[in-house]
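Side chains are part of it too, since the values below use all heavy atoms of this structure and drop only hydrogens, waters and symmetry mates. Residues: numbered from 1 along the sequence shown.
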Amino acid sequence: MSQKEIVSRIPTAAYVHIPFCRRRCFYCDFPVSVVGDRLRGETSGTICQYVEALCQEINMAPDFSQPLETIFFGGGTPSLLSVEQLQRIIETLAGRLGIATRVEISMEMDPGTFDLAHIAGYRSAGVNRVSLGVQAFQEELLKLAGRSHSVTDILAAIDLIHQVEIPEFSLDLISGLPHQSLGQWQDSLTKAVEIAPTHISIYDLTIEPGTAFGRYFQAGDNPLPTDETTVKMYHKAQQLLTGAGYEHYEISNYAQKGHQCQHNRVYWQNRPYYGFGMGAASYVQGKRFTRPRKTKEYYEWLQNGAVIACEITPPEEELLETLMLGLRLAEGLNLVTLTEKFGKEKVEDIHQCLRPYFAQGWVKVVGGNLRLTDPNGFLFSNVVLAKLFEKLGDDINQFPV
């Protein structure tokens, strides 16, 4: 392995999972603990105990003397942390792994879970990117989705973000919600454009087993929008957001020029990253590992030495993962890099497999990059990827995105 390849396998990104929510949303299957409607985490023994365990895990991580360039606090609801708890975690990351001067520190936040003092404290602690879980701008849809906030809370949260001048501000929306009409979706998109965040994420609802929605609804049935309507929703988002100057740089993500999420690009480019916390996934030294999803098992895992017992990802699986993740990006995958890493024969197999989709206009090569077209290639990405996985001899469902 060359020195360049060795350096490229050293993680410079860290995902930190904060598994606490005021209530569980009806579509959520993430590993979370419901802590009720209290405002903050300062006096919560549960959250304090978890922060201690989290810092313990961070201090057990391998140190490759390469500072972190991106940190992402996800959840759950990280904005249930107190300022002191967040500072403690960031200081532990800095002490163990180092943090680059121009680091991107993202934090998922829910409307109604923070006030001016807390977001100002997060900003002082180093947070320079906020991802606000808005999901919809209609009260009835927020209630149907089990969200704990109102439209008033959304507008108040946005005002606080502007007051403390967070440099990067992302807004999340969900399409395909029960009873959601195309008109409501367009209204949410229009309001998002008027707010003018630097980044907008658009997620199509997935009905997951074990969730409240999984018990109430069957995919494709009323009151969920029809497939035809959800396709129109995707097209409407693409047209409206790109028309407003946002770059459609990934299947579900739009950004103003120069404001893409650098942490998420680590995933899509299949680069290594640390994962910390209950249920968090990591990709370090060629090994993918997901921590226990339940609190008791996570604490037991830590007490037993936080051993990561898994094999290095073989080249065949790495190729499949690279295709699945990299084709999500608008620029796609560089064919020269693919050839150097996986061989000419594999790249020829990929071209042969994709021949029908070139003809349909879903796939093309631009500037030496293999990419899906926008919007139709993105819309039918699962069809294209399923064919690739079939051709290359594996099952697409084996690998999590």
Side-chain angles (χ1 to χ4, degrees), residues 1-15 62 64-70 100 247-251 253 260-275 281-289 310-359 362-374 377-378 381-396 398-401:
M1 186 181 297
S2 69
Q3 183 63 32
K4 181 179 179 181
E5 288 175 312
I6 292 172
V7 171
S8 71
R9 286 179 173 268
I10 295 175
T12 58
Y15 172 80
F64 300 101
S65 300
Q66 191 84 356
L68 296 174
E69 296 174 2
T70 69
E247 298 174 324
H248 192 187
Y249 75 99
E250 192 269 346
I251 287 180
N253 289 277
Q260 296 182 15
C261 179
Q262 296 308 306
H263 181 85
N264 285 342
R265 286 188 64 87
V266 171
Y267 303 144
W268 299 320
Q269 292 174 334
N270 207 20
R271 291 186 275 146
Y273 54 91
Y274 296 100
S282 58
Y283 183 34
V284 179
Q285 293 182 298
K287 298 179 180 181
R288 291 193 184 275
F289 180 80
C310 60
E311 300 296 323
I312 293 176
T313 303
E316 296 81 5
E317 292 184 14
E318 188 177 1
L319 171 59
L320 295 173
E321 293 166 352
T322 298
L323 291 169
M324 182 176 63
L325 296 165
L327 287 175
R328 294 183 65 92
L329 286 166
E331 72 259 30
L333 293 158
N334 184 268
L335 290 170
V336 172
T337 302
L338 273 180
T339 303
E340 289 175 348
K341 191 163 189 177
F342 300 106
K344 183 178 180 181
E345 183 178 340
K346 285 294 184 186
V347 174
E348 289 175 350
D349 287 344
I350 293 167
H351 268 284
Q352 182 64 29
C353 175
L354 295 179
R355 193 178 300 276
Y357 305 122
F358 278 101
W362 295 355
V363 182
K364 62 183 178 180
V365 174
V366 179
N369 282 17
L370 177 71
R371 54 174 291 188
L372 298 175
T373 58
D374 183 15
F378 281 163
S381 61
N382 284 342
V383 175
V384 175
L385 288 169
K387 190 66 175 179
L388 280 171
F389 274 64
E390 178 187 339
K391 171 69 176 178
L392 298 172
D394 221 313
D395 177 7
I396 189 170
Q398 182 177 344
F399 304 106
V401 176

J.: Using a 3.5 Å distance criterion without hydrogens, assess whether the side chain of T373 forms a donor-acceptor pair with backbone atoms of G377.
T.: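 Answer holds: yes.
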J.: Minimum heavy-atom separation for G275 and S282, please, with both atom names.
T.: N-CB, 3.3 Å
J.: Looking at residues at least two apart in the chain, or sitting in another chain, which of them share a ring-ring contact (aromatic ring centres under 6.0 Å, His included) with Y267?
T.: H263, Y273
J.: Which heavy atom of L370 sits nearest a heavy atom of L327, and at what distance?
T.: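 Minimum heavy-atom separation between L370 and L327: O-CD2, 3.6 Å.
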J.: How many angstroms lie between atom CG of L319 and atom CD of E316, to the nearest 0.5 angstrom?
T.: 8.5 Å
J.: Do the side chain of R371 and the main chain of E331 share a donor and acceptor less than 3.5 angstrom apart?
T.: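 Judged by distance alone, no pair lies under 3.5 Å.
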J.: Assess the residue pair I10 and V284 against the criterion (side-chain contact (heavy atoms from CB on, under 4.5 Å)); give the C-alpha distance rounded to whole Å, side-chain angles, the decisive distance to 0.1 Å, and a yes or no.
T.: CA-CA 7 Å; I10 295 175; V284 179; over 6 Å; no
J.: For T12, which residues count as a side chain to side chain donor-acceptor pair (under 3.5 Å) partner, sequence neighbours excluded?
T.: none
J.: Who pairs with T322 by side chain to side chain donor-acceptor pair (under 3.5 Å), at least two apart in sequence or on another chain?
T.: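 T322: side chain to side chain donor-acceptor pair (under 3.5 Å) contacts with N270.
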J.: Could you give me the CA-CA distance, side-chain angles and deciding distance for Q269 and L329, then say whether side-chain contact (heavy atoms from CB on, under 4.5 Å) is met?
T.: CA-CA 8 Å; Q269 292 174 334; L329 286 166; 4.0 Å; yes
J.: How would you list, by chain and number, every residue that makes a side chain to side chain donor-acceptor pair (under 3.5 Å) with Y274, sequence neighbours excluded?
T.: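 If we apply the side chain to side chain donor-acceptor pair (under 3.5 Å) test to Y274, skipping adjacent residues, there are no hits.
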J.: Any side-chain hydrogen bond (donor to acceptor under 3.5 Å, both in side chains) pairs touching residues 345-355, not counting sequence neighbours?
T.: Q352-R355
J.: Just verifying a value: how many Å separate K287 NZ and T313 OG1, rounded to the nearest 0.5 Å?
T.: 10.0 Å
J.: Tell me which donor-acceptor pairs under 3.5 Å the side chains of residues 334-342 have, and how far apart each pair is, sequence neighbours excluded?
T.:
from	atom 1	to	atom 2	distance (Å)
N334	OD1	V336	N	3.1
N334	OD1	T337	N	2.9
N334	OD1	T337	OG1	3.2
N334	ND2	N369	OD1	3.1
T339	OG1	L335	O	2.8
K341	NZ	E318	OE2	2.9

J.: So, using ring-ring contact (aromatic ring centres under 6.0 Å, His included) as the criterion, who are the partners of Y283 when residues are at least two apart?
T.: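 ring-ring contact (aromatic ring centres under 6.0 Å, His included) list for Y283, sorted by chain: empty.
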J.: If I compare all heavy atoms of A100 with all of P67, which pair ends up nearest, and what's the gap?
T.: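 Taking A100 first and P67 second, the nearest heavy atoms are N-CB, 3.7 Å.
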J.: Calculate, to the nearest 0.5 Å, the distance between atoms NZ and CG belonging to K364 and D374 respectively.
T.: 9.0 Å
J.: With side-chain contact (heavy atoms from CB on, under 4.5 Å) as the test, would you mind laying out the steps for S381 and I251 before giving the verdict?
T.: CA-CA 9 Å; S381 61; I251 287 180; 3.6 Å; yes
J.: What distance separates Y357 OH from L388 CG, expressed to the nearest 0.5 Å?
T.: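 Going from OH on Y357 over to CG on L388, the span is 8.0 Å.
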J.: Which residues satisfy the salt bridge (Lys or Arg N to Asp or Glu O under 4.0 Å) test with E250, sequence neighbours excluded?
T.: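 With sequence neighbours excluded, E250 shows a salt bridge (Lys or Arg N to Asp or Glu O under 4.0 Å) to R328, given in chain and number order.
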J.: Kindly indicate, with the supporting measurements, whether the criterion side-chain contact (heavy atoms from CB on, under 4.5 Å) is fulfilled by V383 and W362.
T.: CA-CA 10 Å; V383 175; W362 295 355; 4.0 Å; yes
J.: I'd like to check the side-chain contact (heavy atoms from CB on, under 4.5 Å) partners of Q260; sequence neighbours left out, ordered by chain and number.
T.: E247, Y249, A255, Q262, R265
